[in-house]
There are 2 protein chains.
Amino acid sequence: MARPGTASSVRSHGAGPQGDTRAALVSAAVAALREDGFGRASARNIAARAGCNQALVFYHFGSVADLLLAALDEVSAQRLDQYRDAVAEGTSIDELVPVAARIFREDLDKGYVTVLAEMIGGASSTPGLGPEVAKRIRPWRQFARDALDDAMQASGLDGVIPGESVAHAVVALYLGLELLANLDGDRKPALALFKDAEKLAGVLRAFSPTGGST
Amino acid sequence: MARPGTASSVRSHGAGPQGDTRAALVSAAVAALREDGFGRASARNIAARAGCNQALVFYHFGSVADLLLAALDEVSAQRLDQYRDAVAEGTSIDELVPVAARIFREDLDKGYVTVLAEMIGGASSTPGLGPEVAKRIRPWRQFARDALDDAMQASGLDGVIPGESVAHAVVALYLGLELLANLDGDRKPALALFKDAEKLAGVLRAFSPTGGST
DNA sequence: GTCTATACTTGGATAGAC
DNA sequence: GTCTATCCAAGTATAGAC
């Protein structure tokens, strides 16, 4: 197919004045997913946001679905980096919960995880998209697993709690909270949940074998 | 609008031989949401499933969105009843977790909560649908809250854990698990999670003030 | 109540000029 | 690489015959 280079060969013979359109399309796709949802993230919608022609979507990405996946790739990688930085601030449970709360609030404001949630929801209506999205969730689950393992070890709960399952649950919970919060724009329940979780983390610490200190 | 009676006045002057089409359309809508997802739950798709004409969707429900909401209403009410029955089997945490696991497996098989998940996902792309779906989630959160309150009381954890927040979290987790399971058809992580939760419920019981017995 | 036919809209995708 | 023009498919919704 007349698809240009996927990564490095793009800017080969004069891509344009102020940044290439390929990147603009990806950004526009992210915005479309966030603000209009999967169902309205059409080639025309995205192209209008990017200030270019609709045909360029197919020239650069071959299909709308592939552009959407590229958008998910970018926002996912970028956001995962920020998560890693934030989690590096602490290791024990009662240190991590406030961090999680802050990141969650940030996500609700900027709507990054919304992109992921939209893709997951949309995947059920688009043949072949499911596995691709699933592939891109794996790093998130792995990230949750690593952070949890560290926290469990720091709290002396190592081995007591099954990391694999809890990591899966954390990702699922996170997605569910995003979905519910975006449904009616009410993020109070989710924020209240994190506040309560902070309190509970303190209580749990008292029960942990090492008393919460390494 | 030329909309027929919403509930009782339907079968007033000869609705047809084998059950009225209105009910058939609702069932077909449920199936469409489950099997094809929100994005493909079109009037044509649903009508074909119901074995009738596409125009009848608009005659009976005015719009596709309203038919979808009717489908959500039915499956939600029906399923909530079954949940109430199941939860009545026990009150303490370690009694409820196996029950929750069984129901969850049942839902994955029959795909009832999928309908809810699809509507939540689709709502972000359909103007005005969000609040309507949110309204229909409220009974679920209330149900979770009641079940949890009973369990907390039976386990002597009354007051320790904030019911409101945990109920919200339970609903969110449930939705997230469904979404992830439907993404690639892999329900193993979710089922493993419930198995681990059963074990943990036993451990938690040992820590609870009353030792798990009322 | 149910059907056929049709009007209108939007969206994916391609061809070809520049 | 980008645009215009266009084709085609699918969807919502309505009008009108039966």
Side-chain angles (χ1 to χ4, degrees), chain A residues 1-6 8-26 28-29 32-33 36-70 122 125-129, chain B residues 1-6 8-26 28-29 32-33 36-70 122 125-129:
Chain A
M1 233 73 71
R3 195 102 56 90
T6 319
S8 55
S9 66
V10 178
R11 253 163 305 267
S12 37
H13 45 291
Q18 68 281 29
D20 50 315
T21 44
R22 194 188 157 91
L25 280 172
V26 172
L33 281 171
D36 295 336
F38 184 91
R40 297 195 155 182
S42 66
R44 288 181 154 90
N45 178 353
I46 296 170
R49 286 174 180 275
C52 72
N53 193 275
Q54 166 253 149
L56 290 180
V57 168
F58 304 96
Y59 174 76
H60 283 289
F61 298 92
S63 73
V64 177
D66 283 347
L67 166 54
L68 261 27
L69 282 173
S125 301
T126 309
L129 199 57
Chain B
M1 231 71 78
R3 196 99 57 89
T6 319
S8 55
S9 66
V10 177
R11 254 163 303 265
S12 37
H13 44 293
Q18 69 283 26
D20 50 314
T21 43
R22 193 188 159 91
L25 281 171
V26 172
L33 282 171
D36 294 337
F38 184 91
R40 298 194 154 183
S42 66
R44 286 182 153 91
N45 179 353
I46 296 170
R49 286 173 179 276
C52 73
N53 193 274
Q54 165 254 152
L56 290 180
V57 168
F58 304 97
Y59 174 76
H60 284 289
F61 298 92
S63 73
V64 177
D66 283 347
L67 166 54
L68 261 28
L69 282 173
S125 301
T126 309
L129 199 57

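Every chain is numbered from 1, with letters handed out A, B, ... down the list of sequences.
Shown here for V26(B) and F61(B), the closest heavy-atom pair between the two residues is CG2-CZ, 3.7 Å. Across every non-hydrogen atom of H60(A) and R22(A), the tightest pair is O-NH1, 3.3 Å. Closest approach of A43(A) and V57(A) over heavy atoms only: O-CG2, 4.0 Å.
Rounding to the nearest 0.5 Å gives a distance of 10.5 Å between CG of N53(A) and OG1 of T21(A). Between L68(B) atom CG and T126(B) atom OG1 the span is 8.5 Å, to the nearest 0.5 Å.
Following rounding to the nearest Å, N45(A) (CG) and dT9(C) (P) show an atom-to-atom distance of 19 Å. Whole-Å rounding puts the L67(A) CG to dG11(C) P distance at 15 Å. Counting to the nearest Å, the P atom of dG11(C) and the CZ atom of F38(A) are 13 Å from each other. In this structure, the CG atom of D66(A) is 13 Å from the C1' atom of dG12(C), given to the nearest Å. Distance CG (L68(A)) to C1' (dG11(C)): 14 Å, rounded to an integer number of Å. For the pair L25(A) CG and dG1(D) C1', the interatomic distance rounds to 12 Å; values are reported in whole Å. Rounded to an integer number of Å, the gap from CG of D20(B) to C1' of dT2(C) is 13 Å. When the P atom of dG1(C) is taken as reference, atom CZ of R22(B) falls 10 Å away, rounded to whole Å.
Closest to the side chain of F58(A), out of dT2(C), dT14(C), dA13(D), is dT14(C). Each of dG11(D), dA13(C), dT14(D) was ranked by its minimum atom distance to the side chain of S42(B); first place goes to dG11(D).
Of all the residues in residues 49-56 of chain A, C52(A), N53(A), A55(A), L56(A) reach under 4.0 Å from DNA chain D with at least one non-hydrogen atom.
Looking at residues two or more places apart in sequence or on another chain, you find a side-chain contact (heavy atoms from CB on, under 4.5 Å) between A32(B) and A41(B), N45(B), I46(B), R49(B). For A50(A), the side-chain contact (heavy atoms from CB on, under 4.5 Å) partners two or more places apart in sequence, or in a different chain, are A24(A), L25(A), A28(A), C52(A).
Looking at heavy-atom distances under 4.0 Å, V57(B) makes no contact with the nucleic acid at all.
For dG1(C), neither phosphate oxygen OP1 nor OP2 lies less than 4.0 angstrom from any side-chain nitrogen or oxygen of T21(B).
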